[in-house]
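Note that ligands are numbered from 1 as they come in the structure, with each ligand's atoms numbered from 1 the same way.
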Amino acid sequence: MQILDGKETSRLIKQEITEEIAALREKGAKVPHLVAVLVGNNGASITYVDAKVAACEKVGMKSTLVKLSDTISEDELLQKVKELNEDDDVDGFIVQLPLPKHINEKKVTEAIAPAKDVDGFHPWNIGKMMLNLPTFLPATPYGILQLIERYNIETTGKHCVVVGRSSIVGSPIANLMSRNSYPGNSTVTLTHSRTVNLAEITRTADILIVALGKPEFITGDMVKEGVVIVDVGITRKPDKSKKSGYKLYGDVNFEQVKDKAAFITPVPGGVGPMTIVSLLKNTILAAKGK
Ligand code: NDP
């Protein structure tokens with residue numbers, strides 16, 4: 001079994017991005033600027049946004065964190081989005097999800113200018129992705145593709161089973177893995193909570209991409225020998241022995257599958273860091289697009 005090391009791979013990609021930004025600076029060109037909007041005090045969201053801002057700093061990219069109270073109205077948030085759309089200094093921005101219940105996430109996502117939508121969640125960008133046109137790929141699927149590519153994982157003709165059909169992970173990665181390109185050209189089965197006999201299907205997977213948000217859901221008997229496993233899930237469970245007060249769990253029971261898998265992403269240190277570098281790459285693309 002070989003680890004698909006997202007931490008190390010993302011470090012290498014960050015190095016490349018650092019060089020690219022240093023070259024822009026030397027030329028006197030504008031340094032790409034990412035803005036992250038955080039609404040409220042959701043612990044996981046704060047951790048994710050802090051990690052994104054820290055990654056920008058590390059590569060020399062400009063970043064701004066906009067913190068808004070969870071009592072902000074939908075109209076006020078939409079006004080903030082409009083300001084960011086119109087601010088020429090901002091190349092790309094994200095509004096960290098989930099949003100408080102009184103705010104319609106769909107409305108906010110659709111209000112972001114597609115050219116600044118570096119999360120790749122806007123329907124225009126999703127549509128372009130489906131048509132295989134150049135666009136911002138959603139950060140997590142993009143991160144998975146880069147990890148597969150850097151490890152030269154063969155995808156052509158392979159049976160790729162995706163567990164979970166969310167619009168930010170499962171559905172787009174299923175589409176991307178079936179595209180006529182590399183990584184891609186896989187025969188994809190997209191599964192979800194209504195799938196019957198899931199284990200029978202996952203056992204036929206050459207590549208298994210799991211994003212359902214249920215800790216250690218995929219067990220040893222659900223995979224075949226030689227499978228490549230990408231575990232997207234991140235669930236926090238309270239754990240007093242940890243400094244942070246919680247432990248992170250993936251959707252795959254690592255101990256049970258590790259001796260069968262040819263490659264596997266760990267949690268943490270797998271898909272998570274790759275998601276962050278994809279956001280940085282999308283921001284550079286947004287700046288170039290201007
Ligand atoms: P969602 O909750 O939006 O979607 C979960 C999907 O899993 C749904 O399609 C659901 O099916 C499916 N599902 C639920 N139960 C089952 C089941 N028993 N069998 C088969 N399918 C099932 O999740 P997300 O895609 O947003 O996130 C999934 C996980 O990935 C979470 O742990 C999240 O924290 C993590 N994540 C990690 C990221 C990273 O950077 N590493 C980035 C984004 C997410 P149905 O549609 O029928 O309800």
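- Looking only at atom types and distance, the side chain of Thr189 has a donor-acceptor partner in the side chain of His159 under 3.5 Å away.
- Between the side chains of Asn125 and Thr135, a donor-acceptor pair is found at a separation under 3.5 Å.
- For atom 26 (O) of ligand 1, the closest heavy atom belonging to the protein is Ile168 CD1, 3.7 Å.
- Scanning the protein heavy atoms around atom 5 (C) of ligand 1, the nearest turns out to be Leu212 O, 3.7 Å.
- At a heavy-atom distance under 4.0 Å, only side-chain atoms of Val169, from C-beta outward, approach ligand 1.
- Between Ser193, Pro268, Pro138, Ser278, it is Ser193 that holds the heavy atom closest to atom 14 (C) of ligand 1.
- The residue among Leu190, Val232, Leu97, Val267 with a heavy atom at the shortest distance from atom 30 (O) of ligand 1 is Val232.
- Selection from Met274, Arg165, Lys214, His192 by nearest heavy atom to atom 46 (O) of ligand 1 gives Arg165.
- In summary, the atoms of ligand 1 found under 4.0 Å from a heavy atom of Gly272, numbered by their order in the structure, are 40 (O), 41 (N).
- The option from Ser166, Ala139, Gly164, Gly213 that lies nearest to atom 25 (O) of ligand 1, judged by heavy atoms, is Ser166.
- Within 6.0 Å of NZ on Lys14 lie more than 12 heavy atoms contributed by other residues, nucleotides or ligands.
- Looking only at protein heavy atoms, the nearest one to atom 42 (C) of ligand 1 is Thr140 OG1, 3.2 Å.
- Atom 34 (O) of ligand 1 is flagged as protein-proximal [any protein heavy atom, distance under 4.0 Å].
- Heavy atoms from other residues, nucleotides or ligands lying under 6.0 Å from NZ of Lys30 number more than 12.
- By the neighbour-count criterion of 12 heavy atoms within 6.0 Å, atom CG of Asp89 is densely surrounded, having more than that number from other residues, nucleotides or ligands.
- In the model, Thr64 has a side-chain atom that pairs as donor or acceptor with a side-chain atom of His33 under 3.5 Å.
- Figure legend: cation-pi geometry between Lys237 and Tyr249, with NZ or CZ positioned under 6.0 Å from the six-membered ring centre and within 45° of its axis.
- Looking from atom 40 (O) of ligand 1 to the surrounding protein, the closest heavy atom is Thr275 OG1, 2.9 Å.
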